[in-house]
There are 2 protein chains.
Amino acid sequence: MDSGAVILDLNQLRRSCASCALHELCLPAGIYGDDLRQLDAAIRDKRTLERGATLYRDGDAFRALYVVRSGSLKTFLQNEAGDLQILAFHLPGEILGFDALASNQHVSQAEALEHSSICELPYARLMQVSNEVPALHRQLMRVISREMVAEHRHLVMMGRQPAQERLAIFLQNLVDRYAHLSRDDISLTLSMSRYDIANYLGLVVETVSRLFTRMQETGVLEVNRKSVRILRPDLLAELCSTQHPVPMKRHDHD
Amino acid sequence: MDSGAVILDLNQLRRSCASCALHELCLPAGIYGDDLRQLDAAIRDKRTLERGATLYRDGDAFRALYVVRSGSLKTFLQNEAGDLQILAFHLPGEILGFDALASNQHVSQAEALEHSSICELPYARLMQVSNEVPALHRQLMRVISREMVAEHRHLVMMGRQPAQERLAIFLQNLVDRYAHLSRDDISLTLSMSRYDIANYLGLVVETVSRLFTRMQETGVLEVNRKSVRILRPDLLAELCSTQHPVPMKRHDHD
DNA sequence: ACCGGCAGTTGACCTCGGTCAATTGAATGC
DNA sequence: GCATTCAATTGACCGAGGTCAACTGCCGGT
């Protein structure tokens, strides 16, 4: 690598990864000292996106991975017919863009749900640094793998859970992820619309609306537009797993 | 790396990756010559599994990735209640086990659907080789990414498609993957049970059965137990996308 | 401060696919 | 070769959640 990139002044360092409040969550977890410094050098740009702005779209050439610094985004797939399926919501500290590694172009679209700021990790630079810092490669794969595991959970929800469980799991998941960001763990501000939530859960907006109403009526939570306050975290947790009246087991056939 | 592993005799080489009929599909795509030789050395074991045998289960320590040489496997998630969701079917040339990278232990279960043979890629060895052969790291990430993309398609199916489309997409997908393995492209032997198919698609077995019957009645295919012959690939392709009577578009809200 | 538009809610109705139950038939064991 | 078993099919019924439509109330713009 060119030595110019490795030698950093304190100023640059302060503005970027090493001082990022989220650096534990983002890539360099497990990477310290000089390695971190190198990684830091690979992060070229910080961008901000307005609500509704597109970070990348289906077909775009793959240049970089992106870390959410603040705000939130959704990624989704859209077919020819215009049908769309939201794949994930991305909160601060999380990384987007892995789906483009396979074909060198993005196969999904990423859009900001609110005013957000993003770190760009140019992939070519990332690979250069990785060659010097083997730990980075492994860390990258760990992060991709974590994303796969999250998608597995999403899949189970879609395949097996009834509507109310889906919403409960969704909310619980948001609570967990925001708690991780050391926020108040019982109140949420939903940056996504009811349409987005419904779509993500494989439901329609009316169903989501009714479920919010029902959960409010049963005292689980208090909801007012985008703000949700969990009143009974215990009840919410219960709702996350189907309480089969008859404990109907799913087969375990060959 | 220890030099003993790099020096291979022709015999060993012939038995393994370099001569594997599927080597284009599996890991070393884009890796040649000495690099391939090194990779080959990292592949320790070939195992065979009987139908129903478990390759790894939830909680197992992560030691290796696995390549299917012949036969087929399913991977699935199973929760405390015994509910289970099949995540994927794995055909020859495909790689399993990436979900374990995140936590260093498997978080799903893999089971053979029929007599199968498997290449084991010990992860530690793989990482050693990768440090010498940067291309391998990138290729590995490409493969994980490809798997993620496939899972996205699965997700869309679960979230948006009605039952018949799901089965059509499933069959089309199998046809494509087997065509890739240069088999007869209009007849399939389903190694998985109807229960497995139903589960994978988020349906119940009765629905799958009815759909097979209907597709047979409409002349799309001929089905007899595990064997399926696609009579009208064109019709099958049509069934893969919902033909909205009214071309109802899914919203594209903020 | 009023208006327009769209996010969100609510209600009435209907449909797709799930549930339950009976039957068929292919494989495996004695 | 017959019985047992379980995968698969078929039919009758039902209900969770989708569809359609009407309404409410925020929010943003001028």
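Letters A, B, ... are given to chains in the order of the sequence lines, protein chains preceding strands, and every chain is numbered from 1. Being a predicted model, the structure only gives us computed values, none of them experimental.
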Report the relative orientation of the aromatic rings in A/Tyr56 and A/Tyr66; use parallel for angles under 30°, tilted for 30 to 60°, perpendicular for over 60°.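 Judged by the thresholds at 30° and 60°, the geometry between A/Tyr56 and A/Tyr66 is parallel.
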Can you see whether [X] engages [Y] through a side-chain donor-acceptor pair at a distance of less than 3.5 angstrom?
{"X": "A/His154", "Y": "B/Glu151", "answer": "no"}
{"X": "A/His90", "Y": "A/Thr75", "answer": "yes"}
{"X": "B/Ser72", "Y": "B/Ser191", "answer": "yes"}
{"X": "B/Arg160", "Y": "A/Gln85", "answer": "yes"}

Atom-pair distance ([atom1] on [X]; [atom2] on [N]), nearest Å:
{"X": "A/Leu201", "N": "D/dG18", "atom1": "CG", "atom2": "C1'", "result": "15 Å"}
{"X": "B/Gln161", "N": "D/dG18", "atom1": "CD", "atom2": "P", "result": "15 Å"}
{"X": "B/Arg160", "N": "D/dG18", "atom1": "CZ", "atom2": "C1'", "result": "12 Å"}
{"X": "B/Leu167", "N": "C/dG17", "atom1": "CG", "atom2": "P", "result": "12 Å"}
{"X": "A/Glu114", "N": "C/dA7", "atom1": "CD", "atom2": "C1'", "result": "17 Å"}
{"X": "A/Glu206", "N": "D/dC20", "atom1": "CD", "atom2": "C1'", "result": "8 Å"}
{"X": "B/Arg214", "N": "C/dG17", "atom1": "CZ", "atom2": "C1'", "result": "11 Å"}
{"X": "A/Gln164", "N": "D/dG15", "atom1": "CD", "atom2": "C1'", "result": "16 Å"}

Before accepting this row, confirm whether a basic side-chain N of the pair B/Glu111/B/Arg57 lies closer than 4.0 Å to the acidic partner's carboxylate O.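 Judged by the 4.0 Å cut-off on N to carboxylate O distance, B/Glu111 and B/Arg57 do not form a salt bridge.
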With a 4.0 Å cut-off, would you call B/Arg232 and B/Glu238 a salt bridge?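 Salt bridge between B/Arg232 and B/Glu238, a charged N being under 4.0 Å from a carboxylate O: no.
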Side-chain heavy atoms of A/Arg214 within contact of A/Gln164, under 4.5 Å: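 The answer is yes, as the side chains (C-beta and beyond) meet within the 4.5 Å cut-off.
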What does the list of N/O pairs under 3.5 Å between the protein and nucleotides 23-26 of chain C look like, with a distance for each?
none

[X] has a side chain; which of [options] sits nearest to it?
{"X": "B/Pro162", "options": "C/dG17, D/dT19, C/dT9", "answer": "C/dG17"}
{"X": "A/Ser209", "options": "C/dG18, C/dT10, D/dG18", "answer": "C/dT10"}
{"X": "B/Ser193", "options": "C/dT19, D/dA8, C/dT9", "answer": "D/dA8"}
{"X": "A/Thr213", "options": "C/dG18, C/dT10, D/dG18", "answer": "C/dT10"}

Secondary-structure stems for DNA chain C, with pairs counted as Watson-Crick or G-U when both distances are under 3.5 Å and runs at least 3 long: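 C:1-30 with D:1-30 - these are the stems of 3 or more pairs that involve DNA chain C.
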Does A/Arg210 contact C/dG11 through a side-chain donor or acceptor facing the base, at a distance under 3.5 Å?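 Looking at the base of C/dG11, it does pair with a donor or acceptor on the side chain of A/Arg210 (distance under 3.5 Å).
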Tell me whether the side-chain N/O atoms of B/Lys226 come closer than 4.0 Å to OP1 or OP2 in D/dA8.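 The answer is yes; a side-chain N or O of B/Lys226 sits under 4.0 Å from OP1 or OP2.
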Identify which one of B/Arg69, B/Arg63, B/Lys46 satisfies the salt bridge (Lys or Arg N to Asp or Glu O under 4.0 Å) criterion when paired with B/Glu120.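 That would be B/Arg63.
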